[in-house]
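In what follows, a structure is listed as structure tokens, so that the remarks can point back to it.
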Protein chains: 2
Amino acid sequence: MTTVPALGIAEVAERTGLTTHTLRYYERDGLLLGEVDRDAGGRRRYTDRDLEWIAMVTRLRATGMPIRDVRRYAALVRSGAGSEAERLQLLRAHRARVQAELDATAAHLAAIDHKIGLYEGTV
Amino acid sequence: MTTVPALGIAEVAERTGLTTHTLRYYERDGLLLGEVDRDAGGRRRYTDRDLEWIAMVTRLRATGMPIRDVRRYAALVRSGAGSEAERLQLLRAHRARVQAELDATAAHLAAIDHKIGLYEGTV
DNA sequence: AGTTGACTTCGAGTGCGCTCGAAGGAGTTC
DNA sequence: GAACTCCTTCGAGCGCACTCGAAGTCAACT
């Protein structure tokens, strides 16, 4: 079995594309699965589970989920077994919003493309 | 007496989905094609051209173009003939950003769908 | 022992895009 | 002519999501 070297905040920042400031902010704000472990010197050590979770948070944020909803989802996961139905409901609702937004954006893009076509005709 | 074919701010708000506050804010901020005409009482009267432009602004905003870029585009249109190449460049750059964002969102959505599938298996 | 550099906490500041409220004016309705 | 409605300007305020800076701690290296 391979040993799992816990990462420091700087490495996690580099891997996730978040800043160290943002990582601390997310933790403070309850977006993570509890407080991150510390080493003897009081510095954060992120586990694989932390990294996977942060990746999920990043996806949710990148698709426009508000911080407060991510916090709510994190709380459900933290609460353990029994909250799966509610988590599913939350993700499905988000999925529907994202899909709608995607469709709307595609439609707007088509209109913008049309406009671009007009300009291409004039220059 | 005199029939006014142009619309008041409330009707424009209703048609565009913007608030009257936002319509005034856009005008103040230079996002429109100049100052909107006024009637004898000093109230705004929007022309068809205004309406079409506001629809364009709405599309640009809905696809994430920052206010300052919309302002810049508006300034180019206001400057008249000769700025078409620059307008085209601006729209193409925007188009590329939107497309990239669209692709990224679709990829994130697929990952979220996968997660939803996992939950559907547990409940 | 001293210096370096990555980390810590805390709270304040920033940028964006509205959003709102106060105070007042003009035109229609009774 | 009083009430009512819709509009006007101006500037302040808000919600979101970071973003930053100050001041201090700690381990490692020279």
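Below, chains carry the letters A, B, ... as their sequence lines are ordered, and counting in each starts from 1. Here the structure is a predicted model, which means the values were calculated and not measured.
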Could you give me the CA-CA distance, side-chain angles and deciding distance for B:R61 and B:I67, then say whether side-chain contact (heavy atoms from CB on, under 4.5 Å) is met?
CA-CA 7 Å; B:R61 291 288 306 122; B:I67 292 283; 3.6 Å; yes
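Shown for residues 91-107 of chain B: no residue has heavy atoms falling under 4.0 angstrom of DNA chain C.
Counting heavy atoms from C-beta outward, B:R43 and B:R38 have side chains that stay 4.5 Å or more apart.
Protein atom CG of A:D37 is 13 Å distant from nucleotide atom P of C:dT8, rounded to whole Å. Going from atom CG of B:L18 over to atom P of C:dC20 covers 14 Å, rounded to whole Å. We find that CG of A:D29 is positioned 14 Å from P of C:dT9, with the value rounded to whole Å. Across the protein-nucleic acid pair, A:E27 atom CD and C:dC7 atom P stand 14 Å apart, rounded to whole Å. A straight line from CG of A:D39 to P of D:dT25 spans 17 Å, rounded to a whole angstrom. Spacing between atom CZ of A:R45 and atom P of C:dA6 amounts to 13 Å, rounded to whole angstrom units. For the pair B:L23 CG and D:dC6 C1', the interatomic distance rounds to 15 Å; values are reported in whole Å.
By the side-chain hydrogen bond (donor to acceptor under 3.5 Å, both in side chains) test, A:T20 is found to be paired with no residue, residues two or more places apart in sequence or in another chain being considered. B:E86 pairs by the side chain to side chain contact (heavy atoms under 4.5 Å, CB included) definition with B:R72, B:L76, B:Q89, not counting sequence neighbours. The side-chain hydrogen bond (donor to acceptor under 3.5 Å, both in side chains) test applied to B:Y119 returns A:Y73, A:R87, not counting sequence neighbours. Considering only residues two or more places apart in sequence or on other chains, A:I116 meets the side chain to side chain contact (heavy atoms under 4.5 Å, CB included) condition with A:I112, A:D113, A:E120, B:L88, B:L91, B:R92, B:R95. Residues forming a side-chain hydrogen bond (donor to acceptor under 3.5 Å, both in side chains) with B:E101 (at least two apart in sequence, or on another chain): B:T105. Looking at residues two or more places apart in sequence or on another chain, you find no side-chain hydrogen bond (donor to acceptor under 3.5 Å, both in side chains) involving B:T58. B:T19 meets the side chain to side chain contact (heavy atoms under 4.5 Å, CB included) test with B:H21, B:T22; sequence neighbours excluded.
Other members of the hydrophobic cluster containing A:L102, listed by chain and number, are A:V98, A:L109, B:V98, B:L102, B:L109; membership follows side-chain contacts under 4.5 Å among ILVMFWY residues, whether direct or relayed.
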Quiz: residues 24-36 of chain B side-chain donor-acceptor pairs under 3.5 angstrom, not counting sequence neighbours:
from  : atom 1 : to    : atom 2 : distance (Å)
B:E27 : OE1    : B:R44 : NE     : 2.7
B:E27 : OE2    : B:V36 : N      : 3.0
B:D29 : OD2    : B:R71 : NH1    : 2.9

Find every protein N or O atom lying less than 3.5 Å from an N or O atom of nucleotides 9-18 of chain D, and list the pairs.
from   : atom 1 : to    : atom 2 : distance (Å)
D:dT9  : OP1    : B:R38 : NH1    : 3.4
D:dT9  : OP1    : B:R38 : NH2    : 3.0
D:dT9  : OP2    : B:R44 : NH1    : 3.1
D:dT9  : OP2    : B:R44 : NH2    : 3.0
D:dC16 : OP1    : A:R68 : NH1    : 2.9
D:dA17 : OP1    : A:I67 : N      : 3.4
D:dA17 : OP2    : A:I67 : N      : 3.3
D:dC18 : OP2    : A:Y26 : OH     : 2.9
D:dC18 : OP2    : A:R61 : NE     : 2.9
D:dC18 : OP2    : A:R61 : NH2    : 3.1

Going 5' to 3' through nucleotides 24-30 of chain C, assign each nucleotide B (protein heavy atom under 4.0 Å from a base atom), S (under 4.0 Å only from sugar-phosphate atoms) or - (no protein heavy atom that close).
---S---
